[in-house]
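Scope of the values below: all heavy atoms of this structure, side chains included, with no hydrogens, waters or symmetry mates. Each chain gets a letter, A, B and so on, in the order its sequence line appears, and its residues count up from 1.
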Amino acid sequence: MSQKVFALVDCNNFYASCEKLFRPDLKYKPVAVLSNNDGCIVARSKEVKALGIKMGVPVHQVQEQIKQHQIVCFSSNYALYADMSQRVMSLLEAEAPEIEIYSIDEAFLKLTGVEAVEDLLAFGQRIKAKVDQCTGITVGVGIAPTKTLAKLANHAAKTYPATGSVVNLMDPARQRRLLALLDVSEVWGVGRRLSKRLQEQGIHTALDLADTDPKLVRREYSVVLERTIRELNGISCLSLESLPATKKQILCSRSFGSRITERAQLKEAIAKYVTRAAEKLRAEGCLARVLQVFIRTGMFNASEPQYRNALTIELTQPTDDTRAFLKAAFQLFDKLFRPGFRYAKAGVMLTDFYSSHAYQADLFHTDAVGDHGAALMAVMDNINQSGHGQVFFAAQGLAPEWSMKRQFLSPAYTTQWSDLPSVR
DNA sequence: TCTGGGGTCCTAGGACCC
DNA sequence: TCTGGGGTCCTAGGACCC
């Protein structure tokens, strides 16, 4: 049996790179992409990284540097990034026997058996060149016998220019040399809390972790970290998931562009999130039985009165009908709302999913909101996806003043209409 | 003044049952 | 006075990921 081979292909500075693609004048300029409401920095070009500006910092904390270094900021333009992502992924799909799209900017490839036909390093260099040539997006490629090692190989590809952004980490001796150089916090699955605990126990490098007894780690930490140790030692525990997993929950929530104090406005926001969540649910081909609504004030100002609360309801039967969710959400909202607070965020979560197909036998079951529900929802979804306009329930309100801030949005270069500011 | 959103998995602890 | 033990299911919260 031949050893497994995984590659991790990861786009460099993806959101910032997408923005630069259509602005050649910014090629060597510092570019940052902001989170919703233009609140935090969520992506940085390499020039911005070089200035020492950290991922996730609030924009207002680095306003001085932005001005001083003339950093060009963009509001996040997900329609653009999703479209560029698709182009990159379809190129990878054409080259690799099997692919798992892991996130908008990275994919695992299964290359087991490829080495019989083509040198692995040469394969990596070839797909890198192809993506670069066809999309203008630069990627790093890490190749290794496990996903966790492929992640680290990719990290090395990005860190050390001499690698040409492609690293083949199939050789165990080479694995150990790299692990010794890397801080334990660089390991996939080791976050802030865990790395602090590990450091306190004298486990500093990735190699220290790899050499820890997995049984002991299982007892004192978790099965997850135990698996990570095995993966660091070249034993593959995480397989390629080429079919996207069906969702188990759908969450729609937003911080408001400005604080909400009015009951009616908050209710509109809830209606909007319910509508969006139900759309996502139908796109998944699912029905949901459980709905949760939450509201909360700002968290960062201690002097301001705080209130946060959530309520959950179980519907009598699973549905994907926006109207049934709206009705239930409003019931929850009426119990949840307290006047006298400045609300900063609200959200809606759907859980307890069923396949719509499995429930077709129940079509004749009359639901609370009457017949033709499925047909009505389908018509609405069709119109809203057509790019020719929007239909929605009056409960959502029209162009509300609390809408998300997106002051620096780039144009829809590659898509039409699909992400109008303030609409979704 | 100004601090994102959307997910997954695991675990601990309570409720309940026999 | 003495007051078991083990199993399941559910939920909330923690930790992690991008």
With a 4.0 Å limit, can you tell me whether [X] has a side-chain N or O closer than that to the phosphate oxygens OP1/OP2 of [N]?
X: Ser76(A); N: dG4(B); answer: no
X: Arg254(A); N: dG6(B); answer: yes
X: Lys405(A); N: dC2(B); answer: no

Please determine, for the side chain of [X], which listed nucleotide ([options]) has the closest atom?
X: Asp105(A); options: dC18(C), dT11(B), dT3(B); value: dC18(C)
X: Leu251(A); options: dG4(B), dG6(B), dT3(B); value: dG6(B)
X: Ser253(A); options: dG6(B), dT11(B), dT3(B); value: dG6(B)
X: Lys247(A); options: dT8(B), dC2(B), dT11(B); value: dT8(B)
X: Tyr102(A); options: dG5(B), dC18(C), dT3(B); value: dC18(C)
X: Ser222(A); options: dT11(B), dG4(B), dG7(B); value: dT11(B)
X: His60(A); options: dG6(B), dT11(B), dC2(B); value: dC2(B)
X: Lys151(A); options: dC18(C), dG4(B), dC9(B); value: dC18(C)
X: Lys280(A); options: dC18(C), dG7(B), dC10(B); value: dG7(B)
X: Tyr78(A); options: dT3(B), dT11(B), dG4(B); value: dG4(B)

- Message: Would you say that Glu220(A) contacts Gln201(A) through its side chain, given a criterion of any heavy-atom pair below 4.5 Å between the two side chains?
- Response: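 In short, these two side chains touch, coming nearer than 4.5 Å.
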- Query: Does Lys272(A) reach the side chain of Arg254(A), with side-chain heavy atoms less than 4.5 Å apart?
  - Reply: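 Of all side-chain heavy-atom pairs linking Arg254(A) with Lys272(A), none is under 4.5 Å.
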Which part of the nucleic acid does [X] contact within heavy-atom distance under 4.0 Å: base, sugar-phosphate only, or nothing?
X: Asn37(A); value: nothing
X: Gln63(A); value: nothing
X: Ile104(A); value: nothing

- Task: Given salt bridge (charged side-chain N to carboxylate O under 4.0 Å, His left out), test Arg219(A) with Asp213(A) step by step and report yes or no.
- Result: CA-CA 10 Å; Arg219(A) 221 177 321 119; Asp213(A) 176 17; 5.4 Å; no
- Can Glu279(A) and Arg276(A) be said to form a salt bridge (charged side-chain N to carboxylate O under 4.0 Å, His left out), step by step? CA-CA 5 Å; Glu279(A) 278 174 17; Arg276(A) 185 80 190 97; 3.1 Å; yes
- When the ring planes of Tyr273(A) and Phe256(A) are compared, do they come out parallel, tilted or perpendicular, using 30° and 60° as the limits?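 It falls in the parallel class, under 30°.
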- Task: Give me the ring orientation class for Tyr78(A) and Tyr81(A): parallel if the planes are under 30° apart, tilted from 30 to 60°, perpendicular past 60°.
- Result: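 Rings of Tyr78(A) and Tyr81(A): perpendicular, over 60°.
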Between [N] atom [atom2] and [X] atom [atom1], what is the distance in whole Å?
X: Asp10(A); N: dC17(C); atom1: CG; atom2: P; result: 14 Å
X: Glu231(A); N: dC17(C); atom1: CD; atom2: P; result: 14 Å
X: Gln407(A); N: dC2(B); atom1: CD; atom2: P; result: 16 Å
X: Arg227(A); N: dC10(B); atom1: CZ; atom2: C1'; result: 10 Å
X: Asn301(A); N: dC2(B); atom1: CG; atom2: P; result: 7 Å
X: Glu100(A); N: dC17(C); atom1: CD; atom2: C1'; result: 13 Å
X: Leu350(A); N: dT8(B); atom1: CG; atom2: P; result: 12 Å
X: Leu209(A); N: dC16(C); atom1: CG; atom2: P; result: 13 Å

- Task: Could you pick out which residue, Arg218(A) or Gly39(A), lies toward the 5' side of DNA chain B when each is mapped onto its nearest nucleotide?
- Result: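 So the residue in question is Gly39(A).
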- Message: Closest-nucleotide mapping onto DNA chain B: is Arg342(A) or Thr246(A) further toward the 5' terminus? I mean the 5' end.
- Response: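 Taking each residue's closest nucleotide, the earlier one in sequence belongs to Arg342(A).
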- Between residues 181-204 of chain A and DNA chain C, which residues have a heavy-atom gap below 4.0 Å?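 Contacts with DNA chain C under 4.0 Å: Val187(A), Trp188(A), Gly189(A), Val190(A), Gly191(A), Arg192(A), Arg193(A), Leu194(A).
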- Query: Which value, in whole Å, describes the distance between the C1' atoms of nucleotides dC16(B) and dG4(C)?
  - Reply: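 Rounded to whole Å, the distance is 16 Å.
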- Hey, would you say the Tyr15(A) and Phe74(A) ring centroids sit under 6.0 Å apart?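 No: the rings miss the under 6.0 Å criterion.
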- Taking the six-membered ring for Trp, are Trp188(A) and Tyr102(A) ring centroids under 6.0 Å apart?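 Centroid separation for Trp188(A) and Tyr102(A): below 6.0 Å.
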- Scan every strand shown for a Watson-Crick or G-U wobble partner of dC10(C), both distances under 3.5 Å, and answer none if you come up empty.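 When the pairing criteria are applied, dG13(B) turns out to be the nucleotide that pairs with dC10(C).
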- Apply the side-chain contact (heavy atoms from CB on, under 4.5 Å) test between Asp38(A) and each candidate in Ile41(A), Asn36(A), Leu34(A); give the one that qualifies.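 Passing option: Leu34(A).
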